[in-house]
Amino acid sequence: MRFDLKVALRYLLSNRLQSALLIGGVAIAVTVFTFNAALINGLAEFQIDRVVGSSAHVVIEPAKPAPRIVTAPAGTERLVVSQRALERREQIKQWRSVERIIDTLPGVTGVSYNINGTGLVTRGQQTLPVTLKGVEPSRLAAIAPIDRNIVEGEPRLGLNDVLIGRKLANDLGIKVGQPIFITSNQGRERTLTVRGLYATGVDSLDARLAYVNLDTARVMFDLPEGLTEIELKLADIYAARAVAKQLADTTGLEVTAWMDKNQRLREALEGQGSSGSIIKMFTLITIVVGVASALLLTTFRRRPEIGIMRSFGISQRFVLSVFMLQGALIGILGSLAGCFMGWGFSYLLAQAGKSSGRALPVDPSLGQYDVALLLAAAASVAAALWPARSASRIDPVEAISQ
Amino acid sequence: MTAPLLEVDGLRKVFVDEEFETPVLKGVTFALQRGEMVAMLGPSGSGKSTLLSILGTLMRPTSGSFRMLGRELTALREAELSDFRNQQIGFIFQYHHLLPDFSALENVLFPHAGRLWRETRAGRERAAMLLERVGLAERMHYRATRLSGGQKQRVAIARALMNQPALVLADEPTGNLDRENADQAFALMTEIQRETGTTFLLSTHDRELAERCERRIYIQGGVVVDAPTSAALGTSPAISARQPLRMVPGEVVAVVDRTSNTTRDDGDRRLA
Ligand SMILES: Nc1ncnc2c1ncn2[C@@H]1O[C@H](COP(=O)(O)OP(=O)(O)OP(=O)(O)O)[C@@H](O)[C@H]1O
Ligand SMILES: [Mg+2]
């Protein structure tokens with residue numbers, strides 16, 4: 001064994017209580033670090049899952065026409081008003097070629113070719129606004145698991161069928177098998193039969209969204225050829241941005257990844273992430289302050305001994321190393337214990353949540369144990385630097401005569 | 001005659017702090033021959049500890065020079081001094097100053113293992129041999145804190161010899177011991193000096209022990225003299241009647257008191 005390591009260990013063992021407290025302190029800080037990571041990351045995973053599980057990962061929409069550039073004579077004030085031409089419907093006309101591109105993309109697990117639009121649904125005296133989503137019946141569940149969300153009736157979309165949310169059905173006082181009257185924003189009217197009711201748990205969907213057959217939507221929205229939207233589902237949700245960029249570059253269409261579509265989610269994740277980072281930072285600061293102050297006390301208490309060592313020619317580097325090693329040992333032992341405790345704590349909470357039914361979104365596998373170990377050990381070594389340097393620079397004559 | 005082990009030339013030390021300037025050494029000049037055992041006497045506060053600290057390279061002089069084994073030590077950098085100290089100088093202090101967390105054996109081994117950054121079998125064997133030599137074979141694995149005062153000081157003597165230094169500096173090595181332990185420790189040092197040819201310079205207030213050394217030097221008024229004035233040291237018949245002061249104006253040349261100039265050859269008798 002290296003002799004500096006032996007001396008460092010001997011010093012740690014000679015003051016067992018202080019060493020135990022120090023290691024315990026680091027362990028608690030690392031427990032907080034890893035539990036915090038397991039919670040924040042688990043929560044993020046949970047939220048992403050909820051959003052991404054029932055919506056598209058990449059959405060292709062018609063290109064937005066660039067606003068016209070208006071030149072004005074110099075010296076005059078300019079007021080530029082840009083308005084999208086209302087009479088020109090935005091649509092994806094060349095979607096067949098886009099389909100061919102999509103077919104060559106790896107990692108695409110589902111595609112849906114849609115025509116979306118708004119309309120009004122009337123039943124008796126009641127009239128409510130709806131969003132109509134025209135999809136191919138075979139791809140009904142390609143994006144959202146609507147087939148699994150059906151609570152009444154069946155997930156079938158014939159030309160005269162419609163699937164609506166349970167909340168909308170309640171609002172209208174309608175049952176499966178009954179007809180409803182729908183007017184599209186293009187003025188087309190149609191009577192459709194309610195085939196099924198679904199419940200996603202998201203109120204805004206359950207109250208507003210109605211699925212119809214793509215061919216029905218073509219008629220109702222006057223789009224004999226084009227589409228208004230293509231939705232993709234990917235095997236790797238974090239590849240969404242790259243896929244979106246690639247598609248935008250090759251098709252010239254407006255392509256958006258899920259994280260850019262769900263600003264709320266992104267903000268929530270960022271907020272949680274940064275509050276998590278602040279907590280992590282404070283745990284590291286706690287480690288640095290705790291280890292540094294304890295080691296400073298140790299070096300102070302051991303001044304005469306260090307003076308003696310220096311008097312028989314022990315180098316400053318050796319003294320430095322002895323105290324740095326103490327910091328490193330405290331850091332490594334403490335953070336190992338802390339990782340174990342953090343994992344155990346997260347695991348217990350996750351289990352307790354499962355058995356009680358109200359699961360806390362803690363994921364013990366997301367505790368960032370490697371990062372915690374590395375950072376805590378680095379923090380301890382950094383904390384030891386100052387005490388170790390001051391120990392190595394002790395004036396032996398002064399220290400011995402103390 | 002071979003070159004002296006240590007040559008000290010015009011060494012000065014002034015302690016300076018915010019309030020005071022304290023000149024302690026005012027031009028110390030003397031030499032130590034290889035293998036001699038020299039006592040340094042002087043009143044309290046005369047600068048004995050200061051001089052030993054400077055010679056032991058623990059403290060730098062304000063000016064002046066000293067050479068040991070042909071090297072000008074005032075010119076060395078801190079790391080080189082540390083290394084030199086490790087290999088060529090052994091310290092023995094009044095308060096044994098063992099490292100309390102280590103056994104007697106580990107204390108003796110420390111200067112060796114600390115230099116190599118690891119313990120070696122040869123080192124452990126030598127440390128054990130030295131402890132045996134100072135009569136502590138039985139106590140080898142005792143913690144330093146579990147030894148008596150006299151035993152601790154003998155461990156300190158063994159530790160000072162661990163790296164076979166050319167010079168051992170002892171600052172009142174018996175000052176904290178009772179008569180019996182003091183005599184025992186002193187006897188041990190003289191024996192080791194004879195066996196190994198290691199040079200010893202020891203400061204002491206104990207005239208009786210000083211008389212048993214081969215040679216005495218005195219610090220008085222910040223310089224080293226070969227005999228003290230009676231005013232400075234009180235009455236010491238064995239000393240005061242000896243030679244008159246040989247004083248060169250402005251500087252002082254040390255020291256020869258050959259009373260106990262026993263039959264000691266000058267050859268290098270240091271044991272391996
Ligand atoms: N760090 C310092 N700062 C200022 N003055 C000091 C310092 N160290 C020692 N001195 C002064 O230097 C003088 C010599 O001190 P030193 O310890 O060398 O004497 P000494 O001969 O060993 O005395 P003693 O026999 O009592 O041990 C004393 O007057 C002391 O006050
Ligand atoms: Mg002294």
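Each chain gets a letter, A, B and so on, in the order the sequences are listed, and its residues count up from 1. If you're wondering where the values come from, they're calculated on a predicted model, not measured in any experiment.
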Subject >> From CZ (B:R115) to CZ (A:F3), nearest 0.5 Å >> reply: 12.5 Å

Original post:
Does some side-chain heavy atom of A:R310 sit less than 4.5 Å from a side-chain heavy atom of B:R85?
Top reply: yes

Original post:
Is any side-chain heavy atom of B:D101 less than 4.5 Å from a side-chain heavy atom of A:R302?
Top reply: yes

Subject >> Note, B:F102 side chain near A:V7 side chain (heavy atom, < 4.5 Å) >> reply: yes

Original post:
What part of B:A79 gets closer than 4.5 Å to chain A, counting heavy atoms only: side chain, backbone, both or neither?
Top reply: neither

Subject >> Contact residues of residues 314-331 of chain A (partner chain B; heavy-atom separation under 4.5 angstrom) >> reply: A:I314, A:S315, A:Q316, A:R317, A:F318, A:S321

Original post:
If you check every heavy atom in residues 277-286 of chain A against those of chain B, which residues fall under 4.5 Å?
Top reply: none

Let me check something: any side-chain donor-acceptor pairs from residues 390-397 of chain A under 3.5 Å, sequence neighbours excluded? List them with distances.
{"from": "A:S390", "atom 1": "OG", "to": "A:P387", "atom 2": "O", "distance (Å)": "2.9"}
{"from": "A:S392", "atom 1": "OG", "to": "A:R389", "atom 2": "O", "distance (Å)": "2.9"}
{"from": "A:D395", "atom 1": "OD1", "to": "A:V397", "atom 2": "N", "distance (Å)": "3.2"}

Original post:
For B:Q87, is it the side chain, the backbone, both, or neither that has a heavy atom closer than 4.5 Å to a heavy atom of chain A?
Top reply: neither

Subject >> Heavy atoms of other groups near A:R266 CZ, more than 12 under 6.0 Å >> reply: yes

Subject >> Where A:S311 and B:F91 come nearest, the two heavy atoms and their spacing >> reply: O-CD1, 3.3 Å

Original post:
Just how far is it from atom OG of A:S401 to atom CG of B:D171, taken to the nearest 0.5 Å?
Top reply: 10.5 Å

**OP:** Measure the OH-CD1 distance between B:Y95 and A:I400 for me, rounded to the nearest 0.5 Å.
**Re:** 13.5 Å

Original post:
Is it the backbone or the side chain of B:I89 that comes under 4.5 Å from a heavy atom of chain A, or both, or neither?
Top reply: neither

**OP:** Inspect the surroundings of CZ in B:F84 and state if more than 12 heavy atoms from other residues, nucleotides or ligands are less than 6.0 Å away.
**Re:** yes

**OP:** Might you work through the side-chain contact (heavy atoms from CB on, under 4.5 Å) test for B:R159 and A:I308, ending with a clear yes or no?
**Re:** CA-CA 11 Å; B:R159 183 177 65 189; A:I308 292 298; 3.7 Å; yes

Original post:
At what distance, to the nearest 0.5 angstrom, does CE of A:M1 lie from CZ of B:R118?
Top reply: 14.0 Å

Subject >> Those residues of residues 19-45 of chain A, ordered by number, that approach chain B below 4.5 Å (heavy atom to heavy atom) >> reply: none

Original post:
Below 4.5 Å, heavy atoms only, C-beta onward: do B:P100 and A:E305 meet side chain to side chain?
Top reply: yes

Subject >> Check against side-chain contact (heavy atoms from CB on, under 4.5 Å), B:N163 and A:F312 >> reply: CA-CA 10 Å; B:N163 285 347; A:F312 52 71; over 6 Å; no

